[in-house]
Amino acid sequence: MKSVKISLEMAQKVKEFVAVTQESECEIVLKSGKYVVDAKSILGIFSLDLSKPLTVEIYSDNCDDLLAKLAKFAA
């Protein structure tokens, strides 16, 4: 498992983030405090507090290309 801190303060960034995660076959979750949602679910993401940094957890050992794509969302 790998984890990264990201920031999704604008709706356009959420849309771009979901497009990137949906391309991957890995299991990806977003955490905000005690809440956990599927990172491929736009409605799930909008249910989180987007004013604070979020933690992305990727459950795969072979996800370097995905991490490179997520770099633009780094907090």
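Quick caveat, the model's predicted, so the values are computed rather than measured.
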Exercise. Any salt bridge (charged side-chain N to carboxylate O under 4.0 Å, His left out) pairs touching residues 39-49, not counting sequence neighbours?
Worked result: Asp49-Lys52

For this session: Give the minimum heavy-atom separation between Val37 and Gly44, together with the two atoms involved.
Result: CG1-O, 3.6 Å

For this session: Find out whether Val56 and Leu70 are in side-chain contact, i.e. whether some heavy atom of one side chain is under 4.5 Å from a heavy atom of the other.
Result: yes

Exercise. Atom CG in Leu8, atom OG in Ser51: separation rounded to 0.5 Å?
Worked result: 11.5 Å

For this session: Measure the CD1-CG distance between Ile45 and Leu50 for me, rounded to the nearest 0.5 Å.
Result: 8.0 Å

Problem set entry | Full working for side chain to side chain contact (heavy atoms under 4.5 Å, CB included) between Leu30 and Ile6 | CA-CA 9 Å; Leu30 267 179; Ile6 64 163; 3.9 Å; yes

Problem set entry | Distance in Å, Ser41 OG paired with Gln22 CD, rounded so as to fall on 0.5 Å steps | 9.0 Å

Seminar exercise, completed: CE of Met1 to CD1 of Ile58, rounded to nearest 0.5 Å, is 10.0 Å

In residues 59-66, what donor-acceptor pairs under 3.5 Å come from side-chain atoms, sequence neighbours left out?
from: Tyr59; atom 1: OH; to: Glu57; atom 2: OE1; distance (Å): 2.7
from: Ser60; atom 1: OG; to: Asn62; atom 2: N; distance (Å): 3.2

Exercise. For Ala75, what residues pass the side-chain contact (heavy atoms from CB on, under 4.5 Å) criterion, not counting sequence neighbours?
Worked result: Lys5, Ser7, Pro53

Anything under 3.5 Å between a donor and an acceptor, one on a side chain of residues 12-21, the other on a protein residue two or more places apart or in another chain? List them.
from: Thr21; atom 1: OG1; to: Phe17; atom 2: O; distance (Å): 3.3
from: Thr21; atom 1: OG1; to: Val18; atom 2: O; distance (Å): 3.1
from: Thr21; atom 1: OG1; to: Ala39; atom 2: O; distance (Å): 3.0

Problem set entry | Partners passing salt bridge (Lys or Arg N to Asp or Glu O under 4.0 Å) against Glu23 (at least two apart in sequence or in another chain) | Lys69

Seminar exercise, completed: Residue pairs meeting ring-ring contact (aromatic ring centres under 6.0 Å, His included), one or both in residues 20-55, sequence neighbours left out, come to none

